[in-house]
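To keep things clear, I will list the structure first and then write my remarks on it.
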Amino acid sequence: MAPLVSIRTTDSKIEIVDQLLLPHVVQYVEIASVHDAHSAIKTMRIRGAPAIASLASLAIGAHVEQALNYGSSSQPVEWMQSTDALRAHVVPLLDFLYTARPTAVNLGAAVARLRLVLDEPGDVHDVAKQFVKEAHAVADEDVGRNKEMSRHGAEWVLEQAGNPEGGVNVLTVCNTGSLATSGYGTALGVITHLYETGKLKRAYFTQSAPYHQGSRLTAMELIALGIPCTMICDTMVGSLFQTHDIHAVVVGADRIARNGDTANKIGTYNAAVLAKYHKIPFATIAPVSTVDLAIPDGTHIPIEHRPAVEATLARGAVYPRTEPVEQAVVQITPDGLGDDMIYNPSFDVTPAELISAVVTERGVHAIRQGFDMKNELQT
Ligand SMILES: CSC[C@H]1O[C@H](OP(=O)(O)O)[C@H](O)[C@@H]1O
């Protein structure tokens, strides 16, 4: 069974699966405007650095395409009367979309890429058509590059592990599959490629509290893919390394600085420190659009702090489950635990010294003394 897709499009509609309701309720909701897209990203109905960029691009592209389709020469849409008017209308919307979540740079890369189109010379309709085409390309390119980087990452894991008889055991954090991208996934794509080529023994994944991307989303995807897997609580990574033969750790990324420092889901840094102690290779798997060459190191990465209330809640179905499913969002903390008593960063930064390699669609970038992603990407 194929895993769910994060975004579904028809000629006239953009829909996302509401990831706050997964895994027990699969409900696609329409994204009918740029504001709908911003809200869906901010509330994490959709999440995952590449998926966020894809939705934002598709939504702004649809907005411009509607003006192209419904305006006419006799009654053009007001902001379609010149390229200056088009730019003045669209740029603030692009900037607004980027305010939805601060850490994932893929959204910023998509905004910058689409912004450039608006500076192209030519007739406003031609510029608008190119804009729409580029907006679709942001989403359409994702699956192919995920498969490319997954192949690179799988080959790296096998090389690091010495291609053991019986396959490799790999740990991942959070969710980096089809629900976090436009398909196939990044770190979970590496696990999928290993499985598809008969080289995976077992995938291990952390629950990734408090949103539970692991418990709710990665579990759902690995079951759908038929991949042998084991879930662990976030606190069990050390025990897993002490008691099991884990050959590698592969994780996604939300922003990679020039020196390789990587922001990823909270708990990634913990796993990296423990992997270093246990001499387990640790790789970041991410598209080039996750690399932020404008920042020298991880100290410049903005870390999103989610609303404190999200750390007090657990989402799921009433136990024991009955049909129809009764969705539940339960408060697991006492009322006296105020917001000022909760620390809820959504990401942490793993220093490059704890990362063996960054894997992109371009290949494996082994981290070493003087590592610079700018040099890696120019070669
Ligand atoms: C390929 S997804 C990248 C990244 O996004 C996730 O964060 P969130 O679920 O908060 O959007 C997680 O950090 C993944 O590794």
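Just so you know, ligand 1 is whichever comes first in the structure, and atom 1 is the first atom listed for that ligand. What's counted below: heavy atoms across the whole structure, side chains too, no hydrogens, waters or symmetry copies.
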Looking only at distances, please establish whether an N/O atom of ligand 1 is found under 3.5 Å from an N/O atom of [X].
| X | answer |
| --- | --- |
| Asn264 | yes |
| Lys265 | yes |
| Asn175 | no |

Shortest protein heavy-atom distance from atom 4 (C) of ligand 1, along with the residue and atom involved: Asp254 OD1, 3.2 Å
Starting from atom 12 (C) of ligand 1, find the nearest protein heavy-atom neighbour and note its residue, name and distance. Cys174 SG, 3.4 Å
Near [X], which atoms of ligand 1 are under 4.0 Å from a heavy atom of that residue?
| X | answer |
| --- | --- |
| Pro50 | 1 (C), 2 (S) |
| Met44 | 10 (O) |
| Gln213 | 8 (P), 9 (O), 10 (O) |
| Arg101 | 8 (P), 10 (O), 11 (O) |

Please determine whether a side-chain nitrogen of the Lys or Arg among [X] and [Y] lies less than 4.0 Å from a carboxylate oxygen of the Asp or Glu.
| X | Y | result |
| --- | --- | --- |
| Glu165 | Lys199 | no |
| Asp297 | Arg258 | no |
| Glu376 | Arg368 | yes |

Would you kindly confirm whether Phe205 and Leu225 end up in one hydrophobic cluster when ILVMFWY residues are joined by side chain heavy atoms under 4.5 Å apart? yes
Just checking, is any N or O donor in the side chain of Asn175 or Arg216 under 3.5 Å from an acceptor N or O on the other one? no
Using the six-membered ring wherever Trp is involved, compare the ring planes of His244 and Tyr204 and label them parallel, tilted or perpendicular (cut-offs 30° and 60°). perpendicular
How many angstroms lie between OG1 in Thr290 and CZ in Arg255, if you round to the nearest 0.5 Å? 10.0 Å
For atom 3 (C) of ligand 1, which candidate among Ala180, Gly48, Ala253, Ala187 holds the nearest heavy atom? Ala253
Of Lys265, Glu310, Arg306, the residue whose pairing with Ser346 passes side chain to side chain donor-acceptor pair (under 3.5 Å): Lys265
Side chain, backbone, both or neither: the part of Phe347 lying under 4.0 Å from ligand 1 by heavy atom: side chain
